[in-house]
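Notes to accompany the following structure.
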Protein chains: 2
Amino acid sequence: MKQLKYSRQRESIKACLMARHDHPTADTVYAAIREEFPSISLGTVYRNLNLLVELGEIQKLRCGDGADHFDADIRPHYHFMCRECGCIEDLPMEISPEINEQAQKYVHGKIDSHTTYFYGVCHSCLEKKTS
Amino acid sequence: MKQLKYSRQRESIKACLMARHDHPTADTVYAAIREEFPSISLGTVYRNLNLLVELGEIQKLRCGDGADHFDADIRPHYHFMCRECGCIEDLPMEISPEINEQAQKYVHGKIDSHTTYFYGVCHSCLEKKTS
DNA sequence: GATATAACTAATAATTATTACTATTATTAA
DNA sequence: TTAATAATAGTAATAATTATTAGTTATATC
């Protein structure tokens with residue numbers, strides 16, 4: 001059994017994620033952590049992010065832009081992604097388990113979860129267009 | 001204005017996608033097309049798949065496994081993905097536009113679409129487990 | 001408190017998925 | 001049939017991620 005050992009780098013990565021709400025990619029986290037740990041490597045960031053995901057302390061988002069995004073808010077919730085700038089917003093919207101049950105009727109396997117991403121244009125990109 | 005020219009390779013790629021319902025990745029399509037065009041290159045497959053997406057003749061799926069999958073069925077529909085084997089099934093389930101409207105209440109931007117992926121374990125993987 | 005050891009790190013190599021470039025070939029319009 | 005041009009094959013480049021490795025630290029045990 002692997003016993004987890006404390007690491008300041010991992011703490012810092014988690015703290016960074018908890019402090020911001022823009023669902024950064026590994027690369028963005030890397031850039032931020034480098035302020036505190038200039039010698040940290042991208043590999044360490046990836047390893048710890050994935051470790052934190054495994055521990056259930058953060059969650060990984062794949063919104064379709066190719067890169068993994070990370071979110072310190074592990075409560076299941078929906079996301080909205082802007083087609084123009086790629087920013088991601090949380091949707092404080094209730095997730096009903098009924099949807100899984102409904103979908104279950106159409107699948108031979110066993111559904112246990114679902115993810116939904118809403119797409120469109122965010123507030124600030126809409127403003128840019130009218131100006 | 002770029003004028004589209006016929007290409008047998010592109011036809012074959014489209015035909016291949018229409019014949020199968022397993023939502024293959026570019027690489028899988030490449031392997032299949034090589035039976036007919038042994039000298040086709042992976043770049044050609046990617047270019048034509050993306051071209052067909054632009055033309056609206058097929059759609060691209062990003063289910064969270066890192067690779068793009070392609071689907072000749074362009075009608076909006078939901079998908080189910082098996083966590084074990086990674087296979088993807090179509091859900092012949094109606095998509096209600098109400099969900100967008102509901103979510104719209106929580107977003108400052110303008111929502112125009114959403115995607116939902118259901119996750120779980122498929123029929124054949126369930127069977128493997130019990131045996 | 002010293003020390004062994006196992007998890008940690010940085011650095012880098014390898015992989016995977018995808019896109020870009022370029023010389024050649026195929027399609028189409030004149 | 002020819003000339004223009006888009007598409008191709010082949011290759012190189014890039015981006016995101018994972019794996020490897022050699023050296024460094026934290027922690028349990030002595």
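Residue numbers begin at 1 in each chain, while the letters A, B, ... track the order of the sequences. Keep in mind that this is a model prediction, so the values were computed, not measured. Quick note: numbers below take in every heavy atom, side chains included, and nothing from hydrogens, waters or symmetry partners.
- With distances taken from any side-chain atom of A:Ser41 to the nucleotides D:dA9, C:dA29, C:dA11, the minimum falls on C:dA11.
- In this structure, A:Leu49 atom CG and C:dT9 atom P are separated by 12 Å, rounded to whole Å.
- Atom CG of A:Leu4 is separated from atom P of D:dT25 by 19 Å (rounded to the nearest Å).
- Relative to the side chain of B:Lys5, the nucleotides D:dT17, D:dA4, D:dA9 differ in distance, and D:dA4 lies closest.
- As judged by a 4.0 angstrom heavy-atom cut-off over every strand, B:Asp65 is placed among residues making no nucleic acid contact.
- The nearest heavy atom of DNA chain C to A:Leu42 and to A:Gln9 marks one nucleotide each, and the one closer to the 5' end goes with A:Gln9.
- Picking from C:dT9, D:dA9, C:dT28 the nucleotide with the shortest atom distance to the side chain of B:Tyr6 gives C:dT28.
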Mind running salt bridge (charged side-chain N to carboxylate O under 4.0 Å, His left out) on A:Asp112 and B:Arg83 for me, showing each step along the way? CA-CA 10 Å; A:Asp112 56 46; B:Arg83 251 184 249 295; 2.4 Å; yes
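- Residues B:Ile40 and A:Arg62 both approach DNA chain D. Their nearest nucleotides, taken by heavy-atom distance, put B:Ile40 toward the 5′ side.
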Listed pairs, N/O of protein and of nucleotides 13-16 of chain D, under 3.5 Å:
none

Would you mind writing out the side-chain donor-acceptor pairs for residues 42-52 of chain B within the sub-3.5 Å range, not counting sequence neighbours?
from: B:Thr44; atom 1: OG1; to: B:Ser41; atom 2: OG; distance (Å): 3.2
from: B:Thr44; atom 1: OG1; to: B:Arg47; atom 2: NH2; distance (Å): 3.3
from: B:Asn48; atom 1: OD1; to: B:Arg10; atom 2: NH1; distance (Å): 3.3
from: B:Asn48; atom 1: ND2; to: B:Thr44; atom 2: O; distance (Å): 3.0
from: B:Asn50; atom 1: OD1; to: B:Lys60; atom 2: NZ; distance (Å): 2.9
from: B:Asn50; atom 1: ND2; to: B:Tyr46; atom 2: O; distance (Å): 3.2

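- Residue contacts for B:Arg8: at a heavy-atom cut-off of 4.0 Å it reaches the sugar-phosphate backbone alone, with no base atom in range.
- Counting any heavy atom pair closer than 4.0 Å across all strands shown, B:Arg47 reaches a base atom.
- The side chain of B:Ala26 has C:dT18 as its nearest neighbour among C:dT18, D:dA7, C:dA10.
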